[in-house]
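What follows is a single structure, written as C-alpha cells, with notes after it.
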Amino acid sequence: MYCLYAFNGELLCFVHVLLNALDMADKGTEVVIVFEGMSVKLVPELEKETNPFHGLYKKAKDRGLIDGACKACSSKLGVLDEVKAAGVPLLDGMSGHPPMSGYMVRGYTILTF
C-alpha cells in the first residue's frame, strides 16, 4: 500500500504521480494520491478539459485514487473553492494539513514528490 504525497506544483512532475498511481493500481497495488503544498494549485488546472493531462487526472479521480487535497494550502494558495468544486476531499487533520501519520498507521508507505 502506497500513499503518494505530491508537494511539487509543477505539472510535468505531477504527471509522474498520476502515471505511477495508475500503473500501481493496474498491477493490483493499493495506492492513493494526496495533493499537498503547491500541488493543490494543479487541481483547477487538471479539471480543465483543455489541459493535455486532464484524461490521466480524470482516470485517477474516477478510479478513486485521489484521496484528497490539503485544506490549509488550498486556502492559502487561493484555490479552496475550486478544489471543493472539483469534488476533491479536503484533508485537514494536522493543523489544517493532511497528516502522514494517518496513512502510516493504516500500513501505507509514504512516497513524496
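FYI, the numbering just counts along the sequence from 1.
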Point to revise | Leu80/Lys71 under side chain to side chain contact (heavy atoms under 4.5 Å, CB included): CA gap, chis, key distance, verdict | key: CA-CA 7 Å; Leu80 184 64; Lys71 184 176 182 180; 4.2 Å; yes

State the [atom1]-[atom2] distance between [X] and [Y], to the nearest 0.5 angstrom.
| X | Y | atom1 | atom2 | answer |
| --- | --- | --- | --- | --- |
| Ser74 | Lys84 | OG | NZ | 10.0 Å |
| Cys3 | Asp67 | SG | CG | 6.5 Å |
| Ile110 | Ser101 | CD1 | OG | 9.0 Å |

Please answer: with hydrophobic residues joined when any side-chain heavy atoms are less than 4.5 Å apart, are [X] and [Y] in the same cluster?
| X | Y | answer |
| --- | --- | --- |
| Ile66 | Val79 | yes |
| Leu4 | Val34 | no |
| Val32 | Leu65 | no |

Between [X] and [Y], which heavy-atom pair has the shortest distance, and what is it?
| X | Y | result |
| --- | --- | --- |
| Val83 | Ala69 | CG1-CB, 3.9 Å |
| Leu91 | Pro98 | CB-CB, 3.5 Å |
| Ala72 | Ser95 | CB-O, 4.5 Å |
| His97 | Cys73 | CE1-SG, 3.7 Å |
| Glu10 | Leu42 | O-CD1, 4.2 Å |
| Glu36 | Tyr5 | CB-CD2, 4.1 Å |

Exercise for review: Look at atom OH of Tyr2 and say whether more than 12 heavy atoms of other residues, nucleotides or ligands are closer to it than 6.0 Å.
Suggested key: no

Check your understanding: For atom CE of Met1, is the number of surrounding heavy atoms from other residues, nucleotides or ligands below 6.0 Å larger than 12?
Key -> yes

What side-chain donor-acceptor pairs closer than 3.5 Å can you find for residues 15-30, not counting sequence neighbours?
residue, atom, partner, partner atom, Å
His16, ND1, Leu12, O, 2.8
Asn20, ND2, His16, O, 2.8
Asp23, OD1, Lys27, NZ, 3.1
Asp23, OD2, Lys27, NZ, 3.3
Asp26, OD1, Arg63, NH1, 2.7
Asp26, OD1, Arg63, NH2, 3.1
Glu30, OE2, Tyr108, OH, 2.6

Practice item. Show your working on side chain to side chain contact (heavy atoms under 4.5 Å, CB included) between Cys70 and Asp92 and close with a plain yes or no. Key: CA-CA 6 Å; Cys70 177; Asp92 64 354; over 6 Å; no

Review point. Is it true that a side-chain atom of Ser39 and a backbone atom of Ala6 form a donor plus acceptor pair closer than 3.5 Å?
Key: yes

**Study point:** Phe7-Phe35 aromatic ring centre distance below 6.0 Å
**Key:** no

For residues 43-58, which side-chain donor-acceptor pairs fall under 3.5 Å, sequence neighbours excluded?
residue, atom, partner, partner atom, Å
Glu45, OE1, Lys48, NZ, 3.3
Glu45, OE2, Lys48, NZ, 3.3
Glu47, OE2, Tyr57, OH, 2.6
Glu47, OE2, Lys61, NZ, 2.6
Asn51, OD1, Phe53, N, 2.7
Asn51, ND2, Glu45, O, 3.2
His54, ND1, Leu46, O, 2.7
His54, ND1, Glu47, O, 3.4
Lys58, NZ, Asp62, OD2, 2.7

Point to revise | Close side-chain approach of Met100 to Tyr103, heavy-atom, < 4.5 Å | key: no

